Engineer: 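What follows is a structure written as structure tokens; I'll ask about it next.
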2 protein chains.
Amino acid sequence: MFGRFSDRPLVLPEDVRPFDDRFEVVGVFNPGVTEFDGEILLLLRVAVRPKQDDHFLRVPMFRKGKIEILQLDKSQLDCSDERVAVEKGKRFLTSMSYFQIATSKDGIHFKIEEGRTILPRDELEEYGIEDPRIVRVNGKYYILYSAISECGICVKSLVTEDFIHYKELGAILHPDNKDAVLFPEQIGGKYYMLHRPSTSEFGNPEIWLAESEDLIHWGKHRRVAGIRAGMWDGLRVGSSGVPIRTERGWLVVYHGADVLNGYSLGALLLDAEEPWKVLGRSEEPFMRPELECERKGFFNNVVFACGGIVRADKLIIYYGAADKYVCGGEIKIQSIMEYLQ
Amino acid sequence: MFGRFSDRPLVLPEDVRPFDDRFEVVGVFNPGVTEFDGEILLLLRVAVRPKQDDHFLRVPMFRKGKIEILQLDKSQLDCSDERVAVEKGKRFLTSMSYFQIATSKDGIHFKIEEGRTILPRDELEEYGIEDPRIVRVNGKYYILYSAISECGICVKSLVTEDFIHYKELGAILHPDNKDAVLFPEQIGGKYYMLHRPSTSEFGNPEIWLAESEDLIHWGKHRRVAGIRAGMWDGLRVGSSGVPIRTERGWLVVYHGADVLNGYSLGALLLDAEEPWKVLGRSEEPFMRPELECERKGFFNNVVFACGGIVRADKLIIYYGAADKYVCGGEIKIQSIMEYLQ
């Protein structure tokens with residue numbers, strides 16, 4: 001059983017100051033997670049939107065080297081999805097996300113590290129950066145994240161040793177792709193990554209695997225796990241945290257969305273040496289939205305994890321609740337295994 | 001000016017015997033092109049469909065190691081696009097493509113090489129393989145092509161030295177992607193490839209560039225050339241043939257589709273050392289569908305090239321006409337340059 005640390009979020013939007021006073025923070029969620037310098041480090045996804053007035057919808061956009069605010073005429077807009085404004089067929093995101101570091105000694109109380117942000121920096125990040133996954137490989141921390149722009153949604157990578165200086169490794173996956181996560185070690189002399197392409201005609205949003213020799217260039221793409229019609233993961237799936245090496249194979253927590261767009265967490269078990277082979281999969285999720293803060297927020301009925309930490313026989317998961325809050329909890333690894341078919 | 005070799009196709013469907021007598025050939029088009037063993041070698045895209053009867057629509061599919069014929073109840077189908085049959089939301093292609101070698105000494109008369117085919121072989125090729133581009137790099141011939149399946153459209157790669165034995169390099173780009181073509185030599189110590197992702201939400205079908213050290217693993221994806229609303233390439237663009245090194249930079253022939261889905265050919269000029277920089281682009285195509293066989297076929301109003309051959313100051317292009325025929329012609333490279341803005 002997944003045991004939540006609290007029935008309240010660990011981090012709320014009001015805990016975080018926006019990077020710029022022209023904005024307000026509307027969500028703090030889907031954090032990347034790692035251990036650094038004896039503490040738990042979260043790379044929070046902070047969503048901000050411009051302060052509004054009555055006449056225009058103000059939307060953020062990175063252009064020409066800085067974050068600008070565009071004013072859209074409300075009478076011309078389709079805002080049926082609160083996350084998106086559509087003006088004459090052109091889509092704008094109503095909020096923009098970036099990353100901010102938070103640290104904790106006890107794993108419950110987090111200190112927001114003022115000024116330690118990663119902001120959008122290029123044309124592939126026009127509409128922001130989202131859902132970071134942090135994996136420690138060979139002593140360095142690789143941050144894979146979704147970059148959103150007019151060009152589509154692609155996966156970019158940063159590497160750091162200190163969470164102060166970041167080196168850009170570029171777009172490692174072309175659009176559309178998101179939910180990419182590295183394996184923490186080589187398997188048979190290769191690096192591997194799970195990723196989640198979205199397709200436009202044939203195909204569904206499913207989990208794929210790619211192979212690399214240098215963590216920068218990727219190939220040998222294979223589909224690993226599809227959606228399952230009528231089940232908790234019938235609409236969309238994507239890897240959540242770092243794959244965990246167990247005696248039975250690689251345990252991968254993943255999110256599934258059902259036809260009502262509710263997001264839950266389950267797991268895959270992949271072969272230890274041939275990680276494109278699925279040995280087991282959760283018939284039911286081990287965790288669904290239950291708390292008030294998971295059921296009502298910016299986008300309702302979502303629990304969405306980008307990372308976790310193994311402590312002894314348990315997996316600690318920090319997750320986004322309803323695209324608005326950070327929550328946390330833990331579950332025995334053996335207990336996740338019991339959900340596998 | 002582009003000079004066609006003939007106002008009739010060079011290769012027609014009736015010239016090619018299907019790989020199996022249960023099928024009929026409905027198109028021979030979009031050939032990969034190279035020079036091999038003193039001859040011009042085309043890797044034809046051959047489209048076949050099962051012989052039909054009155055009651056069912058018979059569609060081809062690669063499953064469980066072989067090419068099968070499925071029977072669909074016509075009364076349940078949406079066939080408004082002749083290329084696709086939709087049954088209860090599930091899409092089937094009405095034809096399946098594979099590759100066949102044709103050779104020519106004079107570049108006009110082609111011999112279809114019986115039995116020298118490349119057929120679909122795995123689950124990513126369920127609905128066939130399409131639009132091969134052949135590039136000779138370091139003495140080996142790399143064939144990049146689109147693989148179509150329920151999983152989406154991805155780019156796979158084969159390498160050969162003799163066009164008899166082929167080595168699979170796997171899916172080098174995840175779905176959705178097509179129109180991938182290698183540069184014939186390294187630039188600044190790296191290999192490069194142009195490709196064309198399709199996106200599902202933001203983004204358009206546009207030309208991107210990727211970088212590699214081994215031609216198998218790819219990264220550093222960058223957008224190079226977008227669509228241009230209202231112009232001949234306002235709906236969709238994709239690289240056609242092998243980039244040609246010129247004194248002014250890399251000349252890349254590409255196809256553009258306009259809002260009426262008519263396909264024409266134009267060119268990009270990319271920087272010699274930094275091929276992600278566009279130095280020039282055709283304001284108008286140097287070639288549009290004009291001949292009867294280019295205007296009427298399986299999919300009308302299409303000229304679509306996958307390759308060409310440079311001979312002295314000319315580019316010879318073999319191209320697909322209306323998704324049904326192979327045609328050919330030539331144009332002075334200087335003449336293509338004059339279209340560039």
Side-chain angles (χ1 to χ4, degrees), chain A residues 81 84 89-93 122-124 126-127 147-157 168-178 180 190-191 193 195-206 208-224 226 229 276, chain B residues 84 89-93 122-124 126-127 147-157 168-178 180 190-191 193 195-224 226 229 276:
Chain A
D81 179 341
V84 181
K90 186 167 158 61
R91 297 163 60 93
F92 296 89
L93 292 187
D122 71 27
E123 68 151 7
L124 295 180
E126 248 177 347
Y127 293 141
I148 323 293
S149 76
E150 279 290 316
C151 303
I153 301 170
C154 64
V155 173
K156 295 183 74 186
S157 175
E168 299 223 21
L169 302 181
I172 57 172
L173 295 168
H174 64 75
D176 276 345
N177 212 312
K178 48 168 60 174
K190 306 275 187 190
Y191 296 104
M193 161 172 69
H195 62 85
R196 211 294 299 278
S198 303
T199 58
S200 58
E201 201 171 336
F202 293 104
N204 293 299
E206 301 182 327
W208 287 58
L209 183 77
E211 191 178 300
S212 177
E213 297 186 347
D214 60 8
L215 298 165
I216 297 172
H217 304 92
W218 293 87
K220 300 257 168 108
H221 296 274
R222 294 181 237 223
R223 189 174 72 141
V224 171
W276 52 90
Chain B
V84 182
K90 187 167 158 60
R91 298 164 60 91
F92 297 90
L93 292 187
D122 71 27
E123 69 150 8
L124 294 181
E126 248 176 350
Y127 294 140
I148 324 293
S149 76
E150 280 289 316
C151 303
I153 302 170
C154 64
V155 173
K156 295 182 74 187
S157 176
E168 300 223 20
L169 302 182
I172 57 174
L173 295 168
H174 64 76
D176 274 346
N177 212 312
K178 47 167 61 176
K190 306 276 186 189
Y191 296 105
M193 161 172 69
H195 62 85
R196 213 291 301 277
S198 303
T199 58
S200 58
E201 199 171 338
F202 293 106
N204 294 298
E206 301 182 326
I207 298 174
W208 286 58
L209 183 78
E211 190 179 300
S212 177
E213 298 186 347
D214 60 7
L215 297 165
I216 298 172
H217 304 91
W218 294 87
K220 299 257 166 108
H221 297 275
R222 294 181 237 224
R223 189 173 73 141
V224 170
W276 51 92

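Model, not experiment: these values are computed from the prediction. The basis for the numbers below is simple: all heavy atoms, side chains too, and nothing from hydrogens, waters or symmetry mates.
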Engineer: For the residue pair B:Asp176 and A:Ser200, confirm or rule out a side-chain donor-acceptor distance under 3.5 Å.
Structural biologist: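 B:Asp176 vs A:Ser200: donor-acceptor pair found between side chains.
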Engineer: Applying side-chain contact (heavy atoms from CB on, under 4.5 Å), can you list everything that pairs with B:Glu211, at least two apart in sequence or on another chain?
Structural biologist: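 Listed in chain order: A:His217, B:Lys190, B:Tyr192, B:Lys220, B:Arg222.
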Engineer: Could you tell me the separation between the CZ atom of B:Phe202 and the OG atom of A:Ser149, rounded to the nearest 0.5 Å?
Structural biologist: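 It is 8.5 Å, given to the nearest 0.5 Å.
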Engineer: With a 4.5 angstrom heavy-atom cut-off, could you sort out which part of B:Glu201 is near chain A: side chain, backbone, both or neither?
Structural biologist: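 Both backbone and side chain.
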Engineer: Quick check for you: to the nearest 0.5 Å, what is the distance between B:Glu123 atom CD and A:Arg223 atom CZ?
Structural biologist: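 So the CD of B:Glu123 and the CZ of A:Arg223 are separated by 5.5 Å.
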Engineer: Test side-chain contact (heavy atoms from CB on, under 4.5 Å) on B:Trp218 and A:Trp218; report intermediate values, then the result.
Structural biologist: CA-CA 5 Å; B:Trp218 294 87; A:Trp218 293 87; over 6 Å; no
Engineer: Of the listed residues (A:Leu173, A:Ile148, A:Val84), which shares the most heavy-atom pairs with chain B below a 4.5 Å separation?
Structural biologist: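 Option with the greatest count: A:Leu173.
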Engineer: Could you have a look at A:Pro175, A:Pro197, A:Gly219 and say which one has the most heavy-atom pairs with chain B under 4.5 angstrom?
Structural biologist: A:Pro175
Engineer: Looking at chain B, which one of A:Ile153, A:Leu169, A:Asn177 has the largest number of heavy-atom pairs inside 4.5 Å, strictly under?
Structural biologist: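 Sorted descending by pairs with chain B, the first entry is A:Asn177.
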Engineer: Using side-chain heavy atoms (C-beta onward) and a distance below 4.5 Å, is A:Glu213 in contact with B:Asp214?
Structural biologist: yes
Engineer: How are the rings of B:His221 and A:His174 set to each other: parallel, tilted or perpendicular (split at 30° and 60°)?
Structural biologist: perpendicular
